[in-house]
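Side chains included, hydrogens not; waters and symmetry mates left out as well; all remaining heavy atoms used. Order of the sequence lines sets the chain letters (A, B, ...), proteins ahead of strands, with each chain counted from 1.
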Amino acid sequence: MQVPAGPKGTRDFYPDDMALREAIFSSWRSTCGRYGFEQFDAPMFEHLDLYTQKSGDEIEKQLYVFQDKAGRSLALRPELTPSLARMVAAKGNNLKRPVRWFSIPRLFRYEKMQKGRLREFFQLNMDILGVAEATADAELIAASVDMMRDLGFTARDFGVHVSSRALMEQLFLALGVPAEKLPSLYGVLDKRNKISKEEFNAELAAAVSPAASPSAVAEALSVTSLADLEKVGGPLPAAGELQQLFSYLGTYGMDEFVSFDIGVVRGLAYYTGIVFELFDAARSLRAIAGGGRYDKLVKLYGGPDTPAVGFAAGDVVLGEMLLQKQFTAGNRRSNVFLISLDERHPENAIRTATLIRHAGISCEFSLRKTGVGKQMEQANAARSLLAVFVGGEEEKGGSVRVRNMKSGEEDLIDRRELVSRLAKLLSA
RNA sequence: GUGGCUGUAGUUCAAUAGGCUAGAGCUCUGGAUUGUGGUUCCAGUGAUUGCGGGUUCGAGCCCCGUCAGCCACCCCA
């Protein structure tokens with residue numbers, strides 16, 4: 001290859017790719033707008049401490065770290081939530097609650113790449129801060145579903161899997177699992193779908209015995225409804241909270257999208273309550289989106305005690321799903337394309353284009369001196385709706401020929417009325 | 001970070017068992033059509049077979065390295 005490749009894990013956005021990206025972004029912005037979220041952004045790089053302080057040094061391997069000229073350790077942002085928590089903490093109590101913010105950050109993670117996982121990507125982040133009730137969780141889950149519907153997906157394409165960190169903790173403690181065993185148990189649980197049943201049972205037994213009965217834990221993990229869960233683990237306070245959440249979601253009309261799934265764990269340490277993930281129906285891709293409650297993070301960064309819940313959806317998996325659905329960009333580049341009949345002299349086309357553009361109509365003409373047939377091809381490439389022939393015989397009689405590129409119909413239009421007639425034709 | 005698979009025009013794929021000048025569709029450019037696009041027909045541009053080294057009389061094919069991509073782990077904010 002003579003052409004140098006871009007860095008590993010990055011993408012080039014050619015116009016077709018950019019059209020897909022913009023389709024996703026504008027859908028995201030429109031959904032957030034309907035839910036009354038305000039957009040914000042944060043720096044693309046932060047002090048390394050912001051990330052290590054929360055997750056330990058281990059995370060540094062996943063970060064793009066560099067020193068600036070003063071020797072400060074900085075990192076390209078791998079996620080937005082720490083910046084958000086920092087920004088909210090910095091405002092202290094000066095920020096009107098609840099905060100309903102969204103952002104579409106460009107993020108960087110130094111990772112081994114796989115399908116649906118790159119080193120540079122975008123996310124939609126939606127967060128509500130200052131609300132402890134499940135209404136906020138329900139609002140965000142509903143927004144995530146609407147985000148998918150806005151992109152054209154239905155309940156046949158994806159589902160929301162909901163669980164609760166608090167619920168699991170209460171359940172396992174009730175079953176006799178010691179508190180210090182919980183992290184390793186979550187680890188086993190997280191890979192349940194990836195390993196065989198035998199392996200799972202063996203790892204489960206290793207994680208909970210002898211304090212708790214592996215079979216009791218396994219039984220608890222096999223339940224598919226909250227009601228069944230209480231039969232196994234007894235009354236659990238967090239179950240009531242989840243029930244309330246599902247009740248709200250039913251009122252939102254979300255029943256066909258959401259389900260209780262005790263297998264949803266989420267890797268992040270900072271989640272404290274309800275957690276949820278969106279998956280494609282076939283579960284052949286990575287998670288579309290994921291989120292949950294992180295009630296302690298703002299305080300961790302020195303801010304006021306602020307309950308918070310949020311989710312993030314990546315652009316990579318969504319893009320793959322849209323392409324599978326035969327998404328076609330097909331954006332119109334220009335509405336009007338001028339065909340110069342006196343192709344040696346572009347002045348007429350330049351003057352006419354200027355007139356049309358001043359009226360707010362997108363317009364192009366051939367920048368190369370070439371035949372009418374070729375100019376028509378260029379009009380096609382621009383996906384123009386109308387072709388306007390300038391500089392021909394008709395113009396001597398005070399009119400110009402306008403051709404509808406779709407139907408092939410042509411009209412003679414008075415030269416002086418050209419712009420207003422074009423506007424009318426385009427609005428029809 | 002670990003293991004496996006793959007790498008041929010811009011793109012999708014060919015090339016008997018290692019054997020002459022590495023082929024084709026699509027795309028792109030030009031022409032048929034110097035005042036009319038999409039269809040069709042014709043022609044052309046375009047590859048030091050990812051890169052570097054090795055084995056061989058001879059390598060797209062075999063070996064080593066490297067880079068890139070895919071898959072499974074690890075991780076997943």
Side-chain angles (χ1 to χ4, degrees), chain A residues 1-12 14 16 46 50-52 54-56 58-63 75-85 105 107-119 121 123 125 127 186-187 190-191 194-195 199 264-271 275 277 284-292 294 297 310-314 316-317 320 337-344 366 368-395 400-410:
Chain A
M1 276 233 180
Q2 308 131 320
V3 181
K8 191 180 181 129
T10 62
R11 287 171 291 176
D12 292 324
Y14 290 89
D16 281 351
E46 291 270 10
L50 187 74
Y51 304 113
T52 53
K54 184 185 58 120
S55 315
E58 189 60 15
I59 204 160
E60 203 170 323
K61 282 197 285 197
Q62 315 272 358
L63 295 176
L76 295 181
R77 60 183 180 193
E79 57 168 327
L80 190 67
T81 309
S83 302
L84 168 64
L107 303 175
F108 309 86
R109 294 178 193 172
Y110 194 86
E111 292 193 279
K112 179 92 170 183
M113 333 166 19
Q114 278 178 48
K115 196 182 188 67
R117 181 201 266 179
L118 301 172
R119 289 184 171 180
F121 56 96
Q123 273 189 348
N125 277 67
D127 293 273
Y186 292 152
D190 197 30
K191 58 181 172 184
K194 298 174 187 170
I195 59 182
E199 286 173 303
V264 174
V265 178
R266 305 285 297 153
L268 259 183
Y270 57 59
Y271 285 118
V275 288
E277 289 183 330
S284 62
L285 303 166
R286 316 184 75 81
I288 300 162
Y294 52 98
L297 197 59
F311 78 89
V316 182
V317 172
E320 278 168 13
F337 202 100
L338 304 182
I339 309 292
S340 192
L341 297 175
D342 180 11
E343 57 230 38
R344 298 200 160 278
S366 175
R368 289 188 298 212
K369 293 172 180 167
T370 182
V372 174
K374 276 282 167 287
Q375 294 186 63
M376 292 297 285
E377 277 183 26
Q378 289 177 38
N380 254 358
R383 282 151 261 145
S384 299
L385 192 66
L386 300 173
V388 176
F389 297 86
V390 299
E393 282 299 314
E394 296 90 333
E395 210 163 343
V400 289
R401 190 176 290 276
V402 175
R403 179 183 177 91
N404 183 312
M405 293 294 283
K406 222 172 208 160
S407 66
E409 285 170 36
E410 295 191 357

Sorted by position of nearest nucleotide on RNA chain B, 5' first, the leading residue of A/Asn404 and A/Glu111 is A/Asn404

- Task: Provide the distance between the two P atoms, one in B/rA77 and one in B/rG69, to the nearest whole Å.
- Result: 23 Å

What does A/Gly392 touch in the nucleic acid at a heavy-atom separation under 4.0 angstrom: a base, only the sugar-phosphate, or nothing?
base

Whole-Å distance, A/Ile288 CD1 to B/rC76 P, equals 20 Å

Exercise. Is there side-chain contact between A/Leu297 and A/Thr81, with at least one heavy-atom pair below 4.5 Å?
Worked result: yes

Practice problem: Give A/Gln123 one of three labels, base, sugar-phosphate or nothing, depending on what nucleic acid heavy atoms sit under 4.0 Å from its own. | Solution: nothing

A/Lys406 atom NZ is separated from B/rG38 atom C1', nearest whole Å, by 13 Å

CG (A/Asp342) and NZ (A/Lys369) are apart, to the nearest 0.5 Å, by 10.0 Å

Of the candidates B/rU36, B/rG35, B/rG37, the side chain of A/Glu410 sits closest to B/rU36

Subject >> Base B/rU36 to side chain A/Gln375, donor-acceptor N/O within 3.5 Å cut-off >> reply: no

When rounded to whole Å, the CG to C1' distance for the pair A/Asp127 and B/rA77 reads 12 Å

A/Leu107 atom CG is separated from B/rA77 atom C1', nearest whole Å, by 9 Å

Any A/Tyr294 side-chain heavy atom under 4.5 Å of A/Asp127 side chain: yes

Exercise for review: Determine the contact category for A/Gly408: base if any of its heavy atoms lies under 4.0 Å from a base atom, sugar-phosphate if only primed atoms, P, OP1 or OP2 are that close, otherwise nothing.
Suggested key: base

Any strand, both distances under 3.5 Å, Watson-Crick or G-U wobble: B/rU2 pairs with B/rA72

Gap in Å between the two P atoms, one belonging to B/rU45 and one to B/rG7, rounded:
28 Å

A/Leu338 atom CG is separated from B/rG35 atom P, nearest whole Å, by 17 Å

Tabulated below should be each protein N or O lying under 3.5 Å from an N or O of nucleotides 66-70 of chain B; please produce it.
{"residue": "B/rA68", "atom": "OP2", "partner": "A/Lys8", "partner atom": "NZ", "Å": "3.4"}
{"residue": "B/rG69", "atom": "OP1", "partner": "A/Gly9", "partner atom": "N", "Å": "3.4"}

Legend entry - Validation row: A/Lys115, A/Arg286 side chains within 4.5 angstrom (heavy atoms): no

Could you check whether any side-chain heavy atom of A/Thr10 comes within less than 4.5 Å of a side-chain heavy atom of A/Arg119, counting everything from C-beta outward? no

Considering only the P atoms, how many Å lie between B/rG25 and B/rA14, rounded to the nearest integer?
16 Å

| said: Base, sugar-phosphate or nothing for A/Lys369? Non-hydrogen atoms, less than 4.0 Å. | reply: nothing

Same-atom distance (C1') from B/rG44 to B/rC26, integer angstrom:
16 Å

Checking N1-N3 plus N6-O4 or O6-N4 for Watson-Crick, or N1-O2 and O6-N3 for wobble, each under 3.5 Å, the partner of B/rU45 is none

Checking N1-N3 plus N6-O4 or O6-N4 for Watson-Crick, or N1-O2 and O6-N3 for wobble, each under 3.5 Å, the partner of B/rG65 is B/rC51

Taken to the nearest whole Å, CG/A/Asn380 to P/B/rU29 is 12 Å

Notebook entry, point to check: Given the C1' atoms of B/rU66 and B/rG19, what is the spacing between them in whole Å?
Noted result: 29 Å

note: A/Met405, atom CE; B/rG38, atom P; distance rounded to Å ~ 9 Å

Taken to the nearest whole Å, CZ/A/Arg286 to P/B/rC75 is 12 Å

Can you confirm whether A/Gln123 sits close enough to A/Leu80 that some side-chain heavy atom of one is under 4.5 Å from a side-chain heavy atom of the other? no

request  = Provide the distance between the two C1' atoms, one in B/rA9 and one in B/rG23, to the nearest whole Å.
outcome  = 11 Å

Handout entry: Salt-bridge present (A/Glu410, A/Arg403; N to O < 4.0 Å)
Key = yes

Checklist entry - Does the side chain of A/Pro78 come within less than 4.5 Å of A/Gln62's, by heavy atoms? => result no

_Regarding B/rG35, can its base be found pairing with the side chain of A/Glu394 as donor and acceptor, where the two atoms are less than 3.5 Å apart?_
yes

Original post:
Just wondering, do A/Glu395 and A/Leu341 contact through their side chains at under 4.5 Å, heavy atoms?
Top reply: no

Winner on side-chain proximity to A/Leu63, out of B/rA77, B/rC76, B/rU36, is B/rA77

Note: for A/Tyr110 and A/Leu80 on RNA chain B, the residue whose nearest nucleotide lies more 5' is A/Tyr110

